[in-house]
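Atoms within each ligand, like the ligands themselves, are counted from 1 in listed order.
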Amino acid sequence: MWKGRFQQETSALLQQYSESISFDWRLWRHDLAGSIAHSAALEKAGLLTAEERAQIVAGLREIGAEIEAGTFQFKTELEDIHMNLEAELTRRIGAAGGKLHTARSRNDQVALDLRLYLRDEADALAAALRGIQRALIALGARHADIIIPGYTHLQRAQPVYFAHHLLAYVEMFDRDHGRILDARTRMNVMPLGSGALAGSTILLDRELIARELGFPAVTQNSMDAVSDRDFAVEVLAALALIAVHLSRLSEDVILWASSEFKFITISDAFTTGSSLMPQKKNPDVAELTRGKTGRVVGNLVALLTTLKGLPMTYNRDMQEDKEPVFDSVDTVKAALPVFAAMLDGISANAASCAAAVADPMLLATDLADYLVNRGIPFRQAHEVIGKAVALCGQKNCELPQLTLADYQTLSSAFGADVFQMLTVEKSMAARQAIGAPSPQNVAAQLARWQTALA
Ligand code: ARG
């Protein structure tokens with residue numbers, strides 16, 4: 001492609017080192033679509049005849065069909081997807097093929113291809129996020145009555161509906177969905193026509209190209225357009241956060257499935273056994289997902305680090321954007337449906353959850369609130385209940401086993417009704433603020449999401 005200026009062949013070592021076709025071949029659809037749109041602008045500018053454009057479009061479509069069928073041979077010597085497709089087109093149709101790269105550079109071409117690719121993937125990821133949200137809602141709805149201890153510091157804290165816990169993840173994945181669509185909006189700007197960095201002396205109708213490719217706008221600065229990878233960083237950041245959310249959910253699933261918690265059972269289809277220990281049933285989907293999060297976070301850091309030292313405009317370093325992008329997209333796109341399917345196969349163990357949530361210490365805060373309702377300042381109430389808990393420690397009993405006399409020694413505000421306070425049902429019923437897990441609120445949230453995700 002650059003033989004004019006060179007007297008030596010490119011070293012085979014350099015070819016091997018610099019080729020990207022082994023991974024960027026995946027951009028073939030987007031590269032073909034970009035070239036077809038570009039050829040429309042070339043024809044409009046009078047740089048291609050209708051006949052030449054028809055040859056180009058037919059030639060590119062033929063190549064596309066062969067790639068699709070798996071019969072096309074990519075060549076390492078041709079370095080990347082852009083040169084592979086253009087060289088093959090010219091080999092097939094002759095002179096007209098040599099006109100396709102007019103007023104275009106691989107710099108604006110690759111910027112276009114990556115935007116087109118990520119735009120498609122953003123849609124796929126948004127749909128996959130909806131899928132895992134649905135699975136979480138369905139799991140919660142199947143066990144709408146189950147209450148478990150909620151934890152802070154992994155210490156039993158206060159009772160919550162199992163569904164409320166799952167709904168927390170539905171909220172997280174909804175923000176992820178918003179972030180992906182937000183990134184999609186910002187990437188949806190057409191860079192072709194920016195040339196290598198300074199546009200071209202040949203005037204093409206960039207807006208025509210944008211319309212052909214479904215972009216609502218064109219980039220406004222040619223130097224920014226070829227050096228900008230913000231859109232890829234934004235997607236990698238959104239993917240890293242999705243992975244972190246999946247990893248936290250994984251951790252909950254792994255804990256819940258352990259003999260220590262026993263809150264859930266994962267179906268055989270989504271667990272693995274041990275080659276050594278016959279009793280084992282391992283939550284591998286959750287563990288692998290938690291593990292893969294390291295890669296996805298690393299990919300974000302990798303691209304940011306690649307970009308940080310780059311002067312304007314395009315630098316070959318930027319070819320290193322693709323592998324992290326592809327890897328994160330592939331990893332998260334694979335994780336979401338597997339995880340959703342595993343959630344579909346989870347059942348909660350009512351008895352173990354009930355046993356755990358029967359821990360009366362989960363109601364200690366409710367007791368402090370009881371005193372507040374009798375005019376005691378919260379700080380004082382907190383101290384009184386703290387002393388009641390300590391007394392339980394001394395007497396080796398639980399809060400309901402203290403006598404009324406015990407309570408009244410700690411505060412005269414206690415009445416005989418204190419014992420009625422000490423039930424999980426009372427505790428849940430009272431949690432009525434927006435966002436709190438009263439039975440009505442949780443049912444309303446499940447219904448709201450079922451409608452929203454239907
Ligand atoms: N394969 C290259 C990349 O991925 C395409 C752009 C090459 N441009 C160049 N001036 N060498 O970035």
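Contact annotation: for H82 versus ligand 1, heavy atoms closer than 4.0 Å belong to the side chain alone. Contacts with ligand 1 closer than 4.0 Å are made by no heavy atom of Q109, backbone or side chain.
Residue, atom and distance of the protein heavy atom nearest to atom 3 (C) of ligand 1 are Y314 OH, 3.2 Å. Taking atom 11 (N) of ligand 1 as the reference point, the nearest protein heavy-atom neighbour is R106 NH2, 3.4 Å. The protein non-hydrogen atom at the shortest distance from atom 4 (O) of ligand 1 is K322 NZ, 2.5 Å.
Taking CD1 from I137 and CH2 from W449, the interatomic distance works out to 7.0 Å, rounded to the nearest 0.5 Å. To the nearest 0.5 Å, atom CZ of residue F215 and atom CG of residue L116 are 4.0 Å apart. Taking CD1 from I180 and OG1 from T185, the interatomic distance works out to 11.0 Å, rounded to the nearest 0.5 Å.
Within a 6.0 Å sphere centred on CD of E9, other residues, nucleotides and ligands contribute 12 heavy atoms or fewer.
Distances below 4.0 Å separate heavy atoms of D80 from the following atoms of ligand 1: 1 (N), 2 (C), 5 (C). Proximity to S20 (heavy-atom distance under 4.0 Å) selects the following atoms of ligand 1: 1 (N). Short contacts between ligand 1 and Q319, defined as distances under 4.0 Å to a heavy atom of the residue, involve ligand atoms 1 (N), 2 (C), 3 (C), 4 (O), 12 (O).
When ring centroids are compared, F261 and Y151 come within the 6.0 Å threshold.
Aromatic ring orientation, H165 versus Y169: parallel (interplanar angle below 30°, classes split at 30° and 60°).
The closest non-hydrogen atom to atom 8 (N) of ligand 1, taken over N107, D24, V226, I81, comes from N107.
Taking all atoms of both residues into account, the shortest heavy-atom contact from Y161 to S438 is CE1-C, 4.2 Å.
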